[in-house]
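One-based numbering, in listed order, for ligands and for the atoms of each. Numbers here simply count residues along the sequence, with the first being 1.
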Amino acid sequence: MAYIQFLGAAGTVTGSKHLINTSFESDGKKGIQVLIDCGLFQGQKEWRERNWQNLPIPAAEIDAVILTHAHLDHCGWIPRLVKQGFRGPIYATAPTIDLCDIILPDSGHLQEEDAAYYNKIKKSKHSPALPLYTLEEAQDCMQYFQVVRVGEMKQLSAELSFRFVRAAHILGSCMVEVSMNTDGQSRRLLFTGDVGRVHDHVVAPGKVVHSGPAEGEVADLLVMESTYGNREHPRNDPRPELSAVIRHTVERGGSVIVPAFAVERTQKFVFILKELMESKQIPRIPVFCDSPMAIKAVEIFMKYESEYSDEARSLIGKYGSPLEWPGFTFASTAEESKKINEVHFPAVIISSSGMGTGGRILHHLAQRLPDPKNTILFIGFQAAGTRGYTIKSGGKEVKIFGDLVPIRAQIAAFEQFSDHADPSELLTWLRTFPKKPANTYLVHGETTASSQLRDTMTKELGWKVEVAEWMEKVTVN
Ligand SMILES: [Zn+2]
């Protein structure tokens with residue numbers, strides 16, 4: 001019997017990895033094994049340690065990977081898979097491949113830095129501490145990527161084909177529609193990856209790529225994300241309050257520190273800042289994007305005009321590339337980054353990682369957290385166990401580079417910038433399905449979020465919905 005096994009993002013929001021296996025044990029015929037996404041576990045140690053475990057089947061026996069989008073929790077385990085012997089194609093859209101080409105080597109670099117740090121302080125249980133994969137190994141795995149256009153049908157074997165449909169989550173993001181023909185039956189499986197927001201600039205402001213996932217999908221079996229399964233995004237426009245937070249920080253003589261993913265979220269925030277400055281809602285203070293990856297992400301973004309939202313198209317039409325905007329500095333080198341530490345006038349500093357798990361943001365947090373004049377501004381999800389979570393949830397101190405740093409800065413958080421649909425938006429989208437899927441499995445959510453979304457979907461739609469468990473196998477029948 002064909003089955004799906006949830007190898008990650010089940011019971012948590014990271015490590016997305018779903019195995020489709022069409023092998024027929026009964027007649028001994030060899031089928032095909034495909035991984036939908038191959039993400040890194042992040043956040044709590046209990047999950048991160050699973051990055052070191054082998055998959056239940058040898059990596060070399062996996063025939064292909066189909067990648068929904070370039071976030072690390074969906075693609076970050078690919079170099080490890082290749083390191084373990086995977087040599088098949090990795091199918092993705094062109095923007096996703098371009099983004100992986102910057103995100104994966106950066107991840108390898110961070111892995112190496114972490115290992116070097118633990119070796120230096122001799123705090124690792126393992127001696128010597130090793131990186132999960134290196135920068136070079138991450139670069140090496142790019143040779144296996146193959147472009148698949150949105151809507152193009154790709155036949156992988158006699159029994160399995162797939163196509164990408166728009167997910168409207170980040171640049172290049174797609175859902176995967178799988179057609180499976182086994183046992184004389186044909187079935188449609190839909191893997192959502194991460195589902196984007198609705199078509200509404202006030203509800204989802206700063207959207208830089210087009211909004212709204214593909215509608216009218218047909219699925220016999222649906223595997224859907226549930227990151228925001230138990231909470232609605234605020235419906236109010238965040239821009240007035242955001243402007244007030246920035247103005248007040250400037251009046252105190254402080255700076256605004258924004259931990260943000262270098263890809264998409266940083267661009268989105270930079271676009272909002274530009275809009276607020278041009279409409280005179282905030283003063284023209286210097287904006288520093290301290291991330292070499294953010295520069296490359298902007299360059300990639302500028303390549304794919306067809307993906308822009310109307311708002312992004314109009315801003316670019318008026319002001320050109322963010323890399324050229326006066327007052328906006330994109331720091332590439334370590335030297336340029338260090339110079340930002342010497343800035344003692346009010347500024348906005350945007351840096352990654354978005355949850356404070358690593359990267360240059362740590363230097364900015366270590367320097368600016370103890371000063372109550374500053375504001376730490378969260379515009380993204382903070383997974384339990386991350387430094388971002390500790391700071392956002394009112395912690396008094398946080399450990400950075402081995403030291404406990406007091407948290408005295410003001411804390412502000414906005415949920416409106418999410419790139420994930422909330423329960424109302426998911427229901428609106430699911431109601432466009434012409435028929436009920438026979439089975440729906442919820443993944444990519446903390447257990448409480450997934451369970452609540454299951455209950456909501458059962459009640460509101462009358463669908464059969466289950467919360468997927470880590471390593472659980474479900475048969476496709
Ligand atoms: Zn994502």
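By the 4.0 Å N-to-carboxylate-O rule, R188 lies close enough to E177 to be salt-bridged with it. Salt-bridge formation is detected for the pair D220/K435: a Lys NZ or Arg NE/NH1/NH2 atom is positioned less than 4.0 Å from an Asp or Glu carboxylate oxygen.
There is a side-chain donor-acceptor pair under 3.5 Å between N21 and Y3.
We find the CG-CE distance between D194 and M175 to be 11.0 Å, quoted to the nearest 0.5 Å. Distance check: D106 CG to E113 CD gives 9.0 Å after rounding to the nearest 0.5 Å.
Counting only heavy atoms from C-beta outward, the side chains of F328 and C289 never approach each other to under 4.5 Å.
For the Zn ion (ligand 1), the count of nearby protein N, O or S atoms, meaning those under 2.8 Å away, is 4.
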